[in-house]
Asker: 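There's a structure below that I have some questions on.
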Number of protein chains: 2
Amino acid sequence: MLGPDSACCAPMVREPLGEEAAAELSRMFKALSDPVRLRLLSLIASHEGGEACVCDLIGPFEVSQPTISHHLKVLRETGLVGSERRGTWVYYWVLPAALEKLSALLRTPTVPAQAGA
Amino acid sequence: MLGPDSACCAPMVREPLGEEAAAELSRMFKALSDPVRLRLLSLIASHEGGEACVCDLIGPFEVSQPTISHHLKVLRETGLVGSERRGTWVYYWVLPAALEKLSALLRTPTVPAQAGA
């Protein structure tokens, strides 16, 4: 895993990605490339108190609990979320440094309000 | 395509994504989920003058020109880059509003310098 201070975090408009950084970052983007997984991550990220019980994450989706569990495992293995079992339930929270790494990579210097509209 | 002002751009730590926004955004993340495509995008984004000739994009990779062309097509169809033929060559540039949309989505309020390290 690349640390939050690694060269990968420079905006790509400033310098091209090396092969190793691109491999690592593309795995993180792949974790965001499924719509259910992306919504799960956003539910965890925006959850009151900064963490969500798996019991909060099953209701909103029309997919099975094993599918949700699989998606959560992918998010965890990619380093986008942390998790901990407490009693019956597993709790999830986002790892802000990982999100920020991707955000920084895609940052552009200035975007006019209606650019590309 | 969602416009740059659509609700999708709110940071996901602030509010969860709706189904439609997640579908659109996951397609954009999927375009970034291949390491060669991600490096191609970063080469275009960081290229002097803000645009790159396809002739600048083939050299750095150990993949065939048709493969590069396919990746460029995916980036274009996802709305991450624009392109134009001028004489012999096609030129590519990033669409900053699209990159910024993804960057804004992943933005976190504060990340301590060594968080998660």
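As the structure is a computational prediction, the values presented were derived from the model and not from experiment. In what follows, chains carry the letters A, B, and so on, assigned in the order in which the sequence lines appear, proteins first and then strands, with residues in each chain numbered from 1.
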Asker: Count the heavy-atom pairs under 4.5 Å between each of A:Ala45, A:Ala23, A:Gly18 and chain B, then report the option with the highest count.
Answerer: A:Ala45
Asker: What I want to find out is whether A:Glu77 reaches A:Arg27 closely enough, with some N-O distance under 4.0 Å, to be called a salt bridge.
Answerer: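 Looking at A:Glu77 and A:Arg27, the cut-off is not met.
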Asker: With a 4.5 angstrom heavy-atom cut-off, which part of A:Leu95 approaches chain B: side chain, backbone, both or neither?
Answerer: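 Contact with chain B is absent: no heavy atom of A:Leu95 under 4.5 Å.
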Asker: Does a side chain donor of either B:Ser103 or A:Ser103 reach within less than 3.5 Å of an acceptor in the other side chain?
Answerer: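 Yes, because at least one side-chain N or O of B:Ser103 sits under 3.5 Å from a partner of the opposite role on A:Ser103.
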Asker: With no hydrogens and no angle check, just 3.5 Å: does a side-chain donor-acceptor pair link B:Thr108 and A:Glu100?
Answerer: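 A pair is found: one side chain offers a donor N or O, the other an acceptor, under 3.5 Å apart.
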Asker: Given the options A:Ala104, A:Gly50, A:Pro16, which has more heavy-atom pairs under 4.5 Å with chain B than any of the others?
Answerer: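 If we count pairs closer than 4.5 Å to chain B, A:Pro16 comes out on top.
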Asker: Could you tell me which portion of A:Leu40 (side chain, backbone, both or neither) has an atom closer than 4.5 angstrom to a non-hydrogen atom of chain B?
Answerer: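 Neither part.
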Asker: Any idea which of A:Leu41, A:Val36, A:Val94, A:Ile44 has the most non-hydrogen atom pairs under 4.5 angstrom with chain B?
Answerer: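 Option with the greatest count: A:Leu41.
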Asker: Enter the distance from A:Arg39:CZ to A:Asp34:CG here, rounded to the nearest 0.5 Å.
Answerer: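 Spacing of CZ (A:Arg39) from CG (A:Asp34) equals 10.5 Å.
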Asker: Within this structure, what is the CZ-OH distance for the pair B:Arg86 and B:Tyr91, rounded to the nearest 0.5 Å?
Answerer: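 Reported value, rounded in 0.5 Å steps: 6.5 Å.
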Asker: At a 4.5 Å cut-off on heavy atoms, which part of A:Arg14 comes close to chain B: side chain, backbone, both, or neither?
Answerer: backbone
